[in-house]
Amino acid sequence: MALPAVLSKEIRNFYRYDYVKEHNYDKSVADDILTVLPLSLRHETIVSLEKDLIDGIPFLKSLETSMLADFVVHLNSVYFGKDSYVVQQN
């Protein structure tokens, strides 16, 4: 018995996200390395590491590199499948 195509695609997308999240750079190690870099080089590095995320959010593209880097370091990845309802309380 086969899964419906839409459900199968959602499962593949989740595991792709999960794999990338787990095999992406280790933020704690990256933070240790980044702290010794000059601020401008640190900002460029952060923006480069998060380029895919930044490219997917249109309003981030208009920010200056330093502001963008300060913003991006506070983001956390969360997976929501297509047609998911996202509700935040408080």
Side-chain angles (χ1 to χ4, degrees):
M1 181 169 204
L3 290 173
V6 173
L7 179 57
S8 181
K9 184 177 178 183
E10 279 297 309
I11 292 169
R12 280 193 309 274
N13 287 343
F14 171 77
Y15 278 106
R16 263 192 218 116
Y17 162 82
D18 193 54
Y19 178 85
V20 168
K21 184 175 123 185
E22 291 301 318
H23 294 88
N24 207 350
Y25 70 96
D26 182 341
K27 283 193 176 194
S28 63
V29 172
D31 288 345
D32 290 344
I33 294 169
L34 290 172
T35 57
V36 299
L37 295 176
L39 190 58
S40 62
L41 189 54
R42 185 180 325 153
H43 287 163
E44 287 181 48
T45 303
I46 291 168
V47 169
S48 178
L49 288 171
E50 299 293 353
K51 183 168 180 19
D52 290 341
L53 173 70
I54 293 164
D55 289 345
I57 304 173
F59 86 91
L60 291 180
K61 294 178 185 178
S62 65
L63 298 177
E64 293 179 16
T65 303
S66 61
M67 182 179 265
L68 182 58
D70 288 340
F71 181 78
V72 169
V73 296
H74 296 290
L75 297 178
N76 292 314
S77 297
V78 178
Y79 177 83
F80 295 102
K82 182 179 177 186
D83 299 327
S84 294
Y85 293 99
V86 180
V87 178
Q88 182 175 354
Q89 189 172 350
N90 296 334

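Residue indices begin at 1 and follow the sequence shown.
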| message | Can you list everything that forms a side-chain contact (heavy atoms from CB on, under 4.5 Å) with Asp55? Sequence neighbours excluded, please. | response | Lys51, Lys61
| query | Taking all non-hydrogen atoms of both residues, which atom of Ile54 and which atom of Val47 are closest, and how far apart? | reply | CD1-O, 3.7 Å
| query | Atom OG in Ser66, atom CZ in Arg42: separation rounded to 0.5 Å? | reply | 12.0 Å
| said: Looking at every heavy atom in both Leu41 and Thr45, which two are closest together, and how far apart are they? | reply: O-OG1, 2.8 Å
| message | Rounded to the nearest 0.5 Å, what separates atom CE in Met67 from atom CG in Leu60? | response | 11.0 Å
| query | Does the side-chain contact (heavy atoms from CB on, under 4.5 Å) test come out yes or no for His43 and Asp70, once each step is laid out? | reply | CA-CA 8 Å; His43 287 163; Asp70 288 340; 3.5 Å; yes
| field | Main-chain N/O of Phe80 paired with Ser84 side-chain donor or acceptor, under 3.5 Å | value | no
